[in-house]
Amino acid sequence: MKIKVQARRLSLTKSLKAYVKRRLNFALNSRYDNIQRVTVMLTDVNGPKGGEDKHCQVLVKINGQKEVVINERQADMYYAIDNAASRTSRTVSRRIERLQAKATRMKAAFHKMRAPKKMPRDVYEEYENEYGYYRHA
């Protein structure tokens, strides 16, 4: 799983980048095999004006699914990252569980559709009618 961190109108420090990677690795570690890539976009919407303007967008590409997009806006960037990571974890887990349940249902339906096994040709069934015993192939 690759985690790519980008920033717009915000200085991306090493500590902030490390925090994002550590937090998302922890949140998505259980679903590591099903995730192709993760892209995190950190943005300061209003710049130095202040207010609730720190935006964190997480895009997760899952094998066999569309991208999962999570947007979170808070006054503090670290709080926005935490909320986005926890929401991403729940959403990705739910999507993967649905995908696995669908695969299980499809597999069960496929096994029901298969033709029943045929009896070998050398096995004959005997039955009695009004004239006596007959062997039927």
Side-chain angles (χ1 to χ4, degrees):
M1 174 176 70
K2 288 184 171 183
I3 298 177
K4 183 178 179 181
V5 182
Q6 300 172 347
R8 290 188 180 168
R9 294 186 227 139
L10 177 74
S11 62
L12 183 63
T13 62
K14 288 181 182 179
S15 62
L16 184 61
K17 189 174 184 177
Y19 182 77
V20 169
K21 286 187 176 188
R22 184 175 65 242
R23 186 67 176 96
L24 284 172
N25 272 328
F26 179 75
L28 300 174
N29 194 25
S30 63
R31 303 297 186 175
Y32 187 83
D33 296 338
N34 297 316
I35 298 173
Q36 289 179 351
R37 70 177 183 275
V38 179
T39 304
V40 181
M41 179 67 68
L42 304 173
T43 310
D44 189 0
V45 178
N46 292 337
K49 294 179 186 176
E52 237 182 66
D53 64 341
K54 306 297 191 275
H55 186 257
C56 178
Q57 182 182 37
V58 181
L59 288 98
V60 181
K61 177 62 179 152
I62 303 172
N63 295 333
Q65 288 281 319
K66 292 182 180 179
E67 286 186 343
V68 174
V69 180
I70 303 294
N71 292 308
E72 187 67 36
R73 182 176 279 183
Q74 296 291 331
D76 183 35
M77 182 60 77
Y78 289 94
Y79 191 60
I81 292 167
D82 286 341
N83 286 348
S86 63
R87 286 179 56 202
T88 302
S89 176
R90 287 192 307 268
T91 305
V92 167
S93 294
R94 187 172 56 238
R95 285 263 183 106
I96 292 173
E97 286 169 5
R98 285 180 185 166
L99 187 65
Q100 289 171 345
K102 183 178 180 181
T104 303
R105 287 193 314 268
M106 294 296 286
K107 186 176 179 182
F110 177 73
H111 284 297
K112 286 181 183 177
M113 289 177 14
R114 288 195 317 189
K117 293 182 180 179
K118 293 183 179 179
M119 298 294 286
R121 292 193 179 271
D122 60 339
V123 176
Y124 292 95
E125 181 181 324
E126 292 185 357
Y127 63 95
E128 182 180 359
N129 65 7
E130 57 191 278
Y131 303 109
Y133 288 99
Y134 290 84
R135 294 178 73 179
H136 180 63

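Excluded from the calculations below are hydrogen atoms, water molecules and symmetry mates; all remaining heavy atoms, backbone and side chain alike, are included.
In terms of hydrophobic clustering, with Ile, Leu, Val, Met, Phe, Trp and Tyr side chains grouped at heavy-atom distances under 4.5 Å, Met77 and Leu59 are assigned to different clusters. The hydrophobic cluster containing Val20 does not contain Met41, counting ILVMFWY residues as joined when their side-chain heavy atoms lie under 4.5 angstrom apart, directly or transitively. Hydrophobic clustering keeps Leu99 apart from Tyr32 (ILVMFWY residues linked when any side-chain heavy atoms are closer than 4.5 Å, directly or through intermediates). The same ILVMFWY cluster, assembled from side-chain heavy atoms under 4.5 Å apart, contains both Val5 and Val58.
Taking CD1 of Ile35 as the start and NZ of Lys2 as the end, the distance is 15.0 Å to the nearest 0.5 Å. In this structure, Ile3 CD1 and Leu28 CG are separated by 7.0 Å, a value rounded to the nearest 0.5 Å. Note: Gln65 CD to Ile96 CD1 = 8.5 Å, rounded to the nearest 0.5 Å. Taken from OG1 in Thr88 to CD in Gln57, the straight-line distance is 10.5 Å, to the nearest 0.5 Å. Separating the NZ atom in Lys61 from the CZ atom in Arg37 is a distance of 7.0 Å, to the nearest 0.5 Å. Going from atom CG of Leu24 over to atom OG of Ser86 covers 10.0 Å, rounded to the nearest 0.5 Å.
Considering every non-hydrogen atom in both Ala27 and Ala85, the closest pair reads CB-O, 3.6 Å. Taking every heavy atom of both residues into account, Ala84 and Glu72 meet most closely at CB-CB, 4.0 Å.
Applying the ring-ring contact (aromatic ring centres under 6.0 Å, His included) test to Phe26 and every residue at least two apart in sequence or in another chain returns nothing. In this structure, the side chain to side chain donor-acceptor pair (under 3.5 Å) partners of Asn63, at least two apart in sequence or on a different chain, are Gln36. By the side chain to side chain donor-acceptor pair (under 3.5 Å) test, Gln6 is found to be paired with no residue, residues two or more places apart in sequence or in another chain being considered. By the ring-ring contact (aromatic ring centres under 6.0 Å, His included) test, Tyr78 is found to be paired with Tyr19, residues two or more places apart in sequence or in another chain being considered.
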Can you give me every donor-acceptor pair (side chain of residues 7-18, partner residue at least two apart or in another chain, under 3.5 Å) with its distance?
residue: Arg9; atom: NH1; partner: Val45; partner atom: O; Å: 3.2
residue: Thr13; atom: OG1; partner: Ser15; partner atom: OG; Å: 3.2
residue: Thr13; atom: OG1; partner: Leu16; partner atom: N; Å: 3.2

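For residues 90-103, the set of pairs meeting the side chain to side chain donor-acceptor pair (under 3.5 Å) definition, not counting sequence neighbours, comprises Arg31-Glu97.
The backbone N or O of Asn71 lies less than 3.5 Å from a partner atom in the side chain of Arg87, making a donor-acceptor pair. Using a distance-only test at 3.5 Å, with no hydrogens or angles considered, no donor-acceptor pair links the side chain of Asn46 to the main chain of Asp53.
Here Asp76 does not pair with Lys54 in a salt bridge; the nearest charged N to carboxylate O distance is not below 4.0 Å.
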